[in-house]
Every structure is written in structure tokens, then in C-alpha cells.
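Sequence lines set the chain letters: A, B, ... in the order given, protein chains first and strands last, and positions in each chain run from 1. Basis for what follows: all heavy atoms, side chains included, without hydrogens, waters or symmetry-related copies.
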Amino acid sequence: MSTYKSDFLNVLASRGFIHQVSEPEALDALARSSSITAYIGFDCTAPSLHVGSLLPIMMLHWLQQTGHRPIALMGGGTTRVGDPSGKDESRKLLTDAAIGENLKGIRSVFTKFLKFAESGGNAVMANNADWLNTLNYIDFLRDIGRYFSINRMLAFDSVKLRLDRQQELSFLEFNYMILQAYDFVELFRRQGCVLQMGGSDQWGNIVNGIDLGRRLHNAQLFALTSPLITTSSGAKMGKTAAGAVWLNAELVSPYDYWQYWRNAEDADVVRFLKLFTVLPLDEIERLGALKGEEINEAKKVLATEATALVHGRAAAEQAADTARTTFEEGGLSANLPTIEIGKADLKAGLGVLTAFVKAGLAASNGEVRRAIANNAIMINDARVSSDKAVIGEADVTADGVIKLSLGRKRHVLLKPV
RNA sequence: GGGGGAGUGUCCCGAGUGGCAAAGGGGGCGGACUGUAAAUCCGCUGGCUUACGCCUUCGUAGGUUCGAGUCCUACCUCCCCCA
């Protein structure tokens, strides 16, 4: 089905990563005849990346797998300013120390998907703070600003929409695309980077970089964007009641991560298998042919494969195993998320309300009360009907734990220590 | 610089005559049905409390009032029209 000749574009196209490409023939030819360098920019406003960033990460992964060189660009410089596009309130400015911390957490995610020099690969992690922090305003205007035509910038969707709706567009925000364009050229100079990838909303910004590259260095640069991924019901990826689905194990356990993918909707399974696992396409096709109840098998594969990428094969198998014991055999797996509790506290008796809040299954006592009223609370698989129920030593099972459940899907073990 | 309008439950949108813990959606969570899915139906969706009840919420800060999201004043932010 694909019309590309290079492995790189073929893989991306057949797995559903491509939304738009600038000059596809030229890029295809280049990717076929040589090893190219490409980058994607990432914000570092949080200590980890979440599922929403997985798509671009996978693009870098495939880039490297097909013989090219990926650069993960951290927005250390742009984060210092704060992306103004989040309308209502300007974001709190992060301290440099906090940004540094975030960078470390994010870096550990990338090492799972890309091979950096220390593991014998050619992937590069860059930080735009390295060049943005030292920019001199007047020099920058003279060297870079002269190449930007306001007329053209005004025509870009991101700007045009705002102006059409008579909404405020700050000068800072207006400059954001210039900085991003500059990043691209800077990476071209430093690393010979010729391709920038990103979400479809980045198209305008990327194209600006291409333009700047041509004007400054007569370079031919390329853009490739991915479609915006939502679930079939239209929800954004990566948000659950517990918050974002982070990729770091300290923030979201491998078990919960596995569950996130296991609960995917039927209609999303094939698409997600292509995008978020590295399974061969014919295997995915086979899984996609499953109908009705059998599609659960495909979901388990999706969950295990996706989890293995982020947390490693062992953790993924363990999560799958835990899920099987818990859901299919109705049993109790010691691998469920476990909260430790003092023996003395238990002896004195622990109220259900406190216990569930402590276990992180509910945010407040009131929430537990409502859950009880909704028939959703179970201790060792027995319904609790009173918010005055007390958990004591007698509730410890033969396995030495107490199982708390909220609904059928969320379980936590209390372990006396 | 002048005139007009807006900011509501810390997820979003959005009603709101001075008596409101504040209509209604969406989203989320739970229950039923299923396949740990979707669709559908039902319940919940500020905190503390066994409970009476108490506390905290409608841009910010004051004021009027027995009582203010609702009235007054100042300030902040945004939008529209005129200059």
C-alpha cells in the first residue's frame, strides 16, 4: 500500500504514524541513500513523560531502527520561558534546578527506546538551553529576525486563528515559532539534522524552521508530522482518574500501566498495536482478525508488549500474570500494588475510610462513603455496607495480606509489617 | 484616552430574581448488563462528621445587609466599539 522506497518512511506509513510530509519524494530518496538525522522536541515541564508523548518517541525509535540517527531535543530553554499557549493563566515559572531534575527523569525514559552512545548507539539528547540561554537579543534580531516575514507568519494557522477570533496573541507567543525554527537550524548546524518530526499541530512551526534553513544555509530540510491520536470515543490519550499515565515506574506502576492498555477499546486495538508496540505487521493483522470475546487476547498482547517497551519484558510478564490471577482466577496475587501498614495500627483496628484513603484508592473519607453507598467497596472480596466497618488482624488472609477493592478493577493489598 | 461587556463548583462548558453547596451538560468514577470492551440504563462527582450540623467555594480586596455568586467601591485579567 505504501508508495515509499525507504525503510524509514515505509515503516512509519504502514504503522500509521504519518499525517503530513514535506516533499515526500526528496525525503524518501535521501532516507534511502543515506543515514539521516532527525529530531523531535519535548517539553520538560514535568518529571516524566506520559503516554501522550509516546507517539513521537516511537517515531524516533523507528528512525533509529531503520538505520538513522535520532535526536531528542529537550526544551530546557523554552521551558524557562513557559509556553504561553495554555490560555487562562501563565504557567508558574520553573526554577533551573527543577528543570534539571525533570530532564533527568525524562532522560531515563528515552534510554528505554533509543540507544545512546553509552549503550553503543548513535542517539543524541540535546537541550536547547545550550544555545537559547546565551542569545543576544539584538544579534538574534539581526541574524535571524531579518529572515522572518511578518506577512508570512500572520498567514500561519496558529496565528491566523487567533487573530481572526480577535484573541490576544502576545509577542512572546508570537516569537515561540521563531525560537523553534531557530532550534531546527541550530541542530542542522551542530548535528547535520535535516528532519523535524512532531504532532500535526507542529506543522507550522516546523515549516518555519525549514524556511529559515533555506534562507540561512540554502539547506533542504524536511517536516514530518503524526496524526493527533485520540481513543475511538474521542477522548485524549493518557488521562485516567488517577491522573496522567506516566512512563516512569515511580509514578505509575507497571501493573497500572499494563491495565491502562488492557482496558483499551475494541476499535483501538489494531491502531494501538501498530503505534505503540514493535510487533511485526502480519502478527498485528492476525490479532486484528479476532472477533468478539477473542479480541481480549489481542488486548493482552497489546498491554504486555506496550508495557515491555517501557518497563522491560520481566515487569510486563509479571503484570500480565498478576492480572490473570486477579481477574481470571479470582485469586489473590501478591504482585498487586501493596501498601505497608503498621502491625500495631492494625491491632488497634483500622477504619475502612482511613484504610481506603491510605491505600490511595480514594481521595477523601467522603469519597469512600459514597463508594460504599454505591456498593463498590470490598475487603477480601466481601462487600462492605457500612462506613463504620473496621479492619483488624482477623482480616489478614492466609497470604498475610488484606485485599482492598474499589469496583471490580482497582485493587490494593495491605501488608502488615 | 472614552464607552460597553465578561471572569461561576481548581477537569471543561455553562444557568443563576439577595436566602445556594449554587440548575444543566460534557468528562470522570461506581453499579447493572457484558468480554477488565463499546452501547444502554441507574447512582455519585467540595471538605470534616454516625448524625443534627460545621467549614471552604462563584477573578482579587474591601463595603452595604439579619443574610451576597447576585447590590456598591477599588483593583487585576480578557473581549467588543469609538479615539
Side-chain angles (χ1 to χ4, degrees), chain A residues 50 52 84-92 161-170 172-173 230-245 255-273 287-288 290-304 306-307 319-333 336-337 349 351-354 356-357 359-378 381 383-390 403-412:
Chain A
H50 53 80
S85 61
K87 331 168 208 291
D88 8 331
E89 60 193 275
S90 56
R91 280 186 206 168
K92 307 140 223 141
L161 289 175
R162 298 285 280 279
L163 295 180
D164 285 350
R165 283 185 294 179
Q166 311 255 21
Q167 285 178 335
E168 163 99 354
L169 179 72
S170 74
L172 180 66
E173 196 165 3
T230 55
T231 70
S232 291
S233 352
K236 271 190 196 156
M237 293 281 301
K239 283 198 290 186
T240 67
V245 181
Y255 172 76
D256 286 334
Y257 190 78
W258 192 93
Q259 284 297 323
Y260 174 76
W261 292 105
R262 173 62 242 260
N263 285 313
E265 296 169 28
D266 286 10
D268 291 327
V269 174
V270 169
R271 200 159 48 108
F272 286 0
L273 278 168
L287 290 166
L290 296 174
K291 287 280 185 297
E293 199 172 330
E294 292 182 328
I295 205 168
N296 280 323
E297 289 312 311
K299 288 187 189 178
K300 287 178 204 165
V301 174
L302 168 64
T304 304
T307 306
D321 209 53
T322 303
R324 182 155 29 74
T325 358
T326 309
F327 286 99
E328 291 173 27
E329 294 160 23
L332 183 80
S333 169
L336 282 172
V352 230
L353 305 184
T354 331
F356 274 77
V357 172
L361 287 168
S364 68
N365 290 354
E367 202 175 309
V368 183
R369 282 204 183 85
R370 287 191 290 268
I372 290 174
N374 275 332
N375 221 16
I377 295 287
M378 288 182 290
D381 298 318
R383 296 270 179 213
V384 173
S385 54
S386 161
D387 52 4
K388 277 175 273 188
V390 172
K403 182 182 180 190
L404 306 183
S405 312
L406 196 161
R408 283 174 305 160
K409 294 188 193 175
R410 299 165 64 196
H411 311 280
V412 168

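Residue A:E294 is classed as having no contact, given no heavy-atom separation below 4.0 Å to the nucleic acid. When heavy atoms are screened at a 4.0 angstrom cut-off, A:R262 is found touching base atoms of the nucleic acid. A:I295 comes within 4.0 angstrom of a base, heavy atoms only. The residue A:A373 sits apart from the nucleic acid: no heavy atom pair falls under 4.0 Å. A:D387 comes within 4.0 angstrom of no nucleic acid atom, judged by non-hydrogen atoms across all strands.
Between B:G14 and B:G53, the two P atoms lie 35 Å apart (nearest whole Å). Taking atom P in both B:G30 and B:C78, one finds a spacing of 40 Å when rounded to whole Å. Remark: the separation of the C1' atoms in B:A21 and B:C54 is 13 Å, to the nearest Å. For the P atoms, the distance linking B:C58 with B:G69 amounts to 8 Å, nearest Å. When the P atom is used for both B:G67 and B:U56, the distance is 16 Å, rounded to whole Å. On the C1' atoms, B:G43 is 15 Å away from B:C33, given to the nearest whole Å.
The nucleotide B:G43 finds its pairing partner in B:C29, both defining distances of the Watson-Crick or G-U wobble pair being shorter than 3.5 Å. The nucleotide B:C52 finds no pairing partner, because no Watson-Crick or G-U wobble arrangement with both distances shorter than 3.5 Å includes it. Both distances falling under 3.5 Å, in either a Watson-Crick or a G-U wobble arrangement, place B:G7 opposite B:C76. Pairing of B:U34, defined by two Watson-Crick or G-U wobble distances under 3.5 Å, is not identified with any nucleotide. Base pairing of B:G1: its partner is B:C82, meeting the Watson-Crick or G-U wobble criterion (both donor-acceptor distances under 3.5 Å).
Judged by distance alone, the side chain of A:R369 and the main-chain N or O of A:D387 form no donor-acceptor pair under 3.5 Å.
Judged by atom type and distance alone, A:D266 reaches the base of B:G35 through a side-chain donor-acceptor pair under 3.5 Å. Between the side chain of A:E367 and the base of B:U45, no donor-acceptor pair under 3.5 Å is found.
Atoms NZ and CD1, from A:K388 and A:I372 in turn, are 11.0 Å apart once rounded to the nearest 0.5 Å. To the nearest 0.5 Å, the span separating CZ on A:F356 from OG on A:S405 amounts to 6.5 Å.
Partner A:K299 forms a side-chain hydrogen bond (donor to acceptor under 3.5 Å, both in side chains) with one of A:N263, A:D268, A:D266 and no other, that one being A:D266.
By the 4.0 Å N-to-carboxylate-O rule, A:E294 lies too far from A:K291 to be salt-bridged with it.
Neither OP1 nor OP2 of B:A37 sits under 4.0 Å from any side-chain N or O of A:K291. Checking the phosphate oxygens (OP1, OP2) of B:G47, no side-chain nitrogen or oxygen of A:R369 falls inside 4.0 Å. Under 4.0 angstrom from either OP1 or OP2 of B:U49 there lies at least one side-chain N or O belonging to A:N365. The phosphate of B:C48 (OP1 or OP2) has a side-chain N or O of A:S364 nearer than 4.0 angstrom.
Side-chain atoms of A:R370 lie closest to B:U45 of the nucleotides B:C29, B:U45, B:G35. Listed nucleotides B:G30, B:U36, B:G35 differ in distance to A:A323; the shortest reach to its side chain belongs to B:U36. Proximity note for A:R383 (side chain, C-beta onward) versus B:G35, B:C29, B:A32: the nearest is B:A32. Residue A:A376 places its side chain closer to B:G30 than to any other of B:U36, B:G35, B:G30. Nearest nucleotide to the side chain of A:N374, out of B:G30, B:A37, B:U36: B:G30. Of the candidate nucleotides B:G43, B:A32, B:U50, B:A32 has the atom nearest to the side chain of A:R408.
At a threshold of 4.5 Å between non-hydrogen side-chain atoms, the residues A:R262 and A:N296 count as touching. In this structure, A:L406 and A:I377 have side chains that are in contact, with non-hydrogen atoms separated by less than 4.5 Å.
Rounded to a whole Å, the CG atom of A:L406 is 18 Å from the P atom of B:U36. Between the CD1 atom of A:I377 and the P atom of B:G30 there is a distance of 10 Å, rounded to whole Å. Following rounding to the nearest Å, A:R410 (CZ) and B:G28 (P) show an atom-to-atom distance of 14 Å.
A glycosidic torsion no more than 90° from 0 defines the syn conformation; B:C75 lies beyond that range and is anti.
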